[in-house]
Amino acid sequence: MQPPIPAPPADIFSLVRYDAAPGTAETSTRYRAVFSLGPVDEIDGYGGRFTSFNPANPREAALRSPGRWLESVRSPVFVIEGAGGNIDSLQATRNPRIRFVPVPGADHFNVLAPANRVIAQKILRDSGTATNITLSATEITTQ
């Protein structure tokens, strides 16, 4: 059994999972890097069954739709999704701080475990005043 991975300080990394917006906390420069797994561009497409807010309220939906906020991102963001998932709608951004990692042969769900393993190791090895993390689909598919 492997020893537990120590958690980094809260202001170093943010892990955004599933349908969370990669533009909420990431518009701050407080974060060294942000990892967003499987985000969608417009959250109101989920409907009320998969949300914790009222999707009929346009303001609530707009605040949680990352496609509207990507140009505001100021920290490095890695958007990781299976190539068969929903990454295409977000790739329209021209923000150079956002790095897309579409993983061939993966979908919205089976990319999570291998991506989390790679991300954890990268976080532990990150050093310096700014993040030195790089991430590729090849690294994730070999897990």
Side-chain angles (χ1 to χ4, degrees), residues 1-53 55 58-143:
M1 183 163 198
Q2 293 182 346
I5 297 172
D11 64 345
I12 294 185
F13 293 95
S14 171
L15 178 61
V16 182
R17 295 177 25 125
Y18 307 112
D19 60 342
T24 51
E26 297 78 351
T27 57
S28 166
T29 57
R30 179 179 176 196
Y31 300 94
R32 288 174 62 91
V34 176
F35 303 92
S36 179
L37 291 101
V40 296
D41 64 336
E42 293 289 332
I43 194 74
D44 57 358
Y46 273 129
R49 181 174 170 209
F50 299 107
T51 58
S52 60
F53 66 96
R59 178 164 166 70
E60 291 289 326
L63 290 171
R64 291 171 173 83
S65 295
R68 300 172 185 229
W69 307 103
L70 295 179
E71 299 306 319
S72 302
V73 170
R74 295 173 31 196
S75 295
V77 174
F78 295 89
V79 178
I80 305 153
E81 173 68 303
N86 55 3
I87 199 168
D88 294 339
S89 61
L90 293 168
Q91 286 183 304
T93 184
R94 292 200 165 110
N95 188 333
R97 293 179 185 96
I98 302 175
R99 294 140 185 160
F100 293 94
V101 186
V103 181
D107 62 26
H108 185 67
F109 300 102
N110 65 10
V111 74
L112 297 174
N116 283 328
R117 284 191 291 273
V118 172
I119 291 167
Q121 293 305 310
K122 298 258 183 181
I123 289 172
L124 290 174
R125 290 191 300 265
D126 190 46
S127 61
T129 57
T131 187
N132 61 15
I133 292 177
T134 60
L135 191 59
S136 74
T138 303
E139 293 171 294
I140 295 170
T141 58
T142 59
Q143 282 294 301

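For reference, positions follow the sequence shown, starting with 1. Keep in mind it's a predicted model, so treat the numbers as computed, not measured.
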Query raised in the report: Under the side chain to side chain contact (heavy atoms under 4.5 Å, CB included) criterion, do V73 and I98 qualify, and how do the steps go?
Result: CA-CA 8 Å; V73 170; I98 302 175; 4.1 Å; yes
Query - Steps toward side chain to side chain contact (heavy atoms under 4.5 Å, CB included) verdict (I140, R117) - result: CA-CA 8 Å; I140 295 170; R117 284 191 291 273; over 6 Å; no
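Among pairs with a residue in residues 113-141, none fulfils ring-ring contact (aromatic ring centres under 6.0 Å, His included), at least two apart in sequence or across chains.
In this structure, N132 and S127 approach most closely via the heavy-atom pair ND2-O, 3.4 Å. The two residues A130 and R32 have their closest heavy-atom pair at O-NH2, 3.4 Å. Counting all heavy atoms, side chain and backbone alike, F35 lies closest to I80 at CD2-CD1, 4.4 Å. Scanning both residues, P104 and A137, for their nearest heavy atoms gives CD-CB, 3.8 Å. Residue A62 comes nearest to W69 through the heavy atom pair O-NE1, 3.0 Å, listed as atom of the first residue, atom of the second, then distance. The two atoms that bring V111 and A106 nearest to each other are CB-CB, 3.9 Å, heavy atoms only.
When atom types are taken as modelled, the side chain of S65 and the backbone of G67 share no donor-acceptor pair closer than 3.5 angstrom. Proximity of a side-chain donor or acceptor of S136 to a complementary backbone N or O of E139 within less than 3.5 Å is detected. In this structure, K122 contributes its side chain and T134 its backbone to a donor-acceptor pair below 3.5 Å. Judged by distance alone, the side chain of D126 and the main-chain N or O of T131 form no donor-acceptor pair under 3.5 Å.
Side-chain contact between I133 and P76 is absent, with no heavy-atom pair separated by less than 4.5 Å. Counting heavy atoms from C-beta outward, V103 and E81 have side chains that stay 4.5 Å or more apart. Put simply, the side chain of V77 does not reach to within 4.5 Å of the side chain of R97, judged on heavy atoms. Taking 4.5 Å as the limit, every side-chain heavy atom of V79 sits out of range of all side-chain heavy atoms of V101.
Here CD1 of I119 is found 6.0 Å from CG of L135. Values are rounded to the nearest 0.5 Å.
In this structure R99 satisfies the side chain to side chain donor-acceptor pair (under 3.5 Å) test with no other residue, sequence neighbours excluded.
Residues E71 and R94 are not paired through a salt bridge, judged by the lack of any N-O separation under 4.0 Å between the basic side chain and the carboxylate.
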